[in-house]
Amino acid sequence: MAVMRLRPNPAVSNLRCSRSGQEHPADFSRPIGLCRCCPAPGKPVAVEYDTEMVRARLDPASPFGASGTGLWRFAPLLPVLGVPPEYASDVGDTPTVRHDRLAEEVGVELWVKNESGNPSGSFKDRGLAVGVALGAACGARRFCLPTQGNAGVAACLFSARVGLPGPLVWMPEGFEGSSYHRACALFGGEVRFVGANIAAAGRQMRAELAAQLASGEMVDISTFFEPGRLEGKKTMGLEIALFFGAIGLPDVIFYPTGGGTGLVGIWKAFTELVQLGLLPPAARLPRMVAVQSSACAPVVRSFERGLTEVEPVVSEGTIADGLDVPGAIMGHGILAVLRASEGGAVAVSDSAISDAFARLGRAGIGAGYESAATFAGLEELLASGAVRRGERVLLLLTGSHLIPLGKPER
Ligand SMILES: [Zn+2]
């Protein structure tokens with residue numbers, strides 16, 4: 001099968017190190033990895049655009065210039081062009097729904113954005129659609145990544161769509177035979193199992209594949225190890241701004257935080273829209289709230305201590321697989337967004353997540369444990385007064401209820 005011919009967006013002006021702020025040239029002649037300005041292994045870099053070029057390419061007939069269907073309707077603000085419809089026209093554009101019945105229970109104006117309609121069942125499709133496309137446009141021949149589940153599935157799905165060999169996927173021990181494992185295999189991935197969580201799996205992967213990673217034979221598409229996944233997750237923020245444009249952005253957005261790509265991405269979208277003049281400079285942007293499981297809450301603990309980097313924790317293990325992420329390579333970026341938005345971070349227990357999952361179910365909302373954590377987090381912040389009655393609140397529901405329901409009872 002031929003690899004899709006994709007090309008970089010000429011409106012990309014440069015890359016920028018998220019830690020040092022140093023500008024780097026946008027070199028697409030080989031896959032983009034971590035920065036080289038910070039101590040090894042480097043820090044995440046982000047793509048930046050020429051505002052004038054983007055503005056010239058926006059479709060004047062539609063708000064924010066979005067045209068077409070799926071993720072690439074935001075093409076002027078994505079790093080790769082030339083993407084055919086079958087690649088990602090079914091990704092994104094997920095429903096944002098006002099939920100008055102559930103709102104009555106908690107006393108806020110409650111909205112949910114449900115990501116479970118994405119082709120592999122979670123919001124990970126957004127990031128991997130763009131990450132795989134950008135890698136392929138830069139000559140990547142095969143990807144590898146450690147995963148706590150959904151990201152691995154999405155990486156396999158988009159590798160299949162772009163015409164590359166299935167990725168090498170590293171999952172924690174105990175995930176053998178899981179729905180994640182089977183879905184990766186379905187889309188052509190090759191899965192290995194090691195360690196207790198994604199951090200351990202990632203360490204082992206980088207040790208075993210050191211030679212292939214160094215030679216470029218294998219490209220590491222882990223969370224924030226390349227800039228495409230961030231750009232894909234950014235589309236959630238573009239959609240939120242587009243949807244709420246007429247009625248006003250939410251006061252608060254609750255985001256279930258593992259690696260934090262979506263949280264940083266949503267904020268990047270708002271920032272770019274302000275730069276483009278598509279959001280007023282004085283727009284009251286939402287307070288961003290990171291929700292984690294108290295069994296694994298590195299972002300919450302570091303936020304509470306006033307740190308500027310996230311200090312890794314030892315995870316006790318959580319039912320919410322996507323939140324079982326004991327460190328965050330973009331911790332500095334996550335904490336900066338929480339503070340810039342005057343938001344916060346909240347940890348909720350696994351039993352609160354379980355209860356919230358059941359309550360969402362009774363309200364007719366199918367969403368996974370990570371998503372349920374946002375509802376538990378909302379209740380926690382209502383109790384503390386950090387969220388006030390009557391505020392407009394958006395919960396990011398990141399994946400399908402079928403994923404936890406497909407796991408054995410524990
Ligand atoms: Zn750097």
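For ligands, and for the atoms within them, numbers begin at 1 and follow the listed sequence.
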### Query
Does a side chain donor of either Asp321 or Gln148 reach within less than 3.5 Å of an acceptor in the other side chain?
no
### Query
Tell me, which pairs form a ring-ring contact (aromatic ring centres under 6.0 Å, His included) where one or both residues lie in residues 134-158, sequence neighbours left out?
Tyr87-Phe158
### Query
Near the Zn ion (ligand 1), which protein N/O/S atoms fall under 2.8 Å?
Cys17 SG, Cys35 SG, Cys37 SG, Cys38 SG
### Query
Got a sec, which pairs hit ring-ring contact (aromatic ring centres under 6.0 Å, His included) with one end in residues 5-53, sequence neighbours left out?
none
### Message
Please determine whether a side-chain nitrogen of the Lys or Arg among Lys124 and Glu115 lies less than 4.0 Å from a carboxylate oxygen of the Asp or Glu.
### Response
no
### Query
Out of Ser371, Ser293, Pro256, which residue meets the side-chain contact (heavy atoms from CB on, under 4.5 Å) rule with Ile353?
Ser293
### Pairs touching residues 387-396 that satisfy side-chain hydrogen bond (donor to acceptor under 3.5 Å, both in side chains), sequence neighbours left out
Glu109-Arg392, Arg287-Glu391, Arg388-Glu391
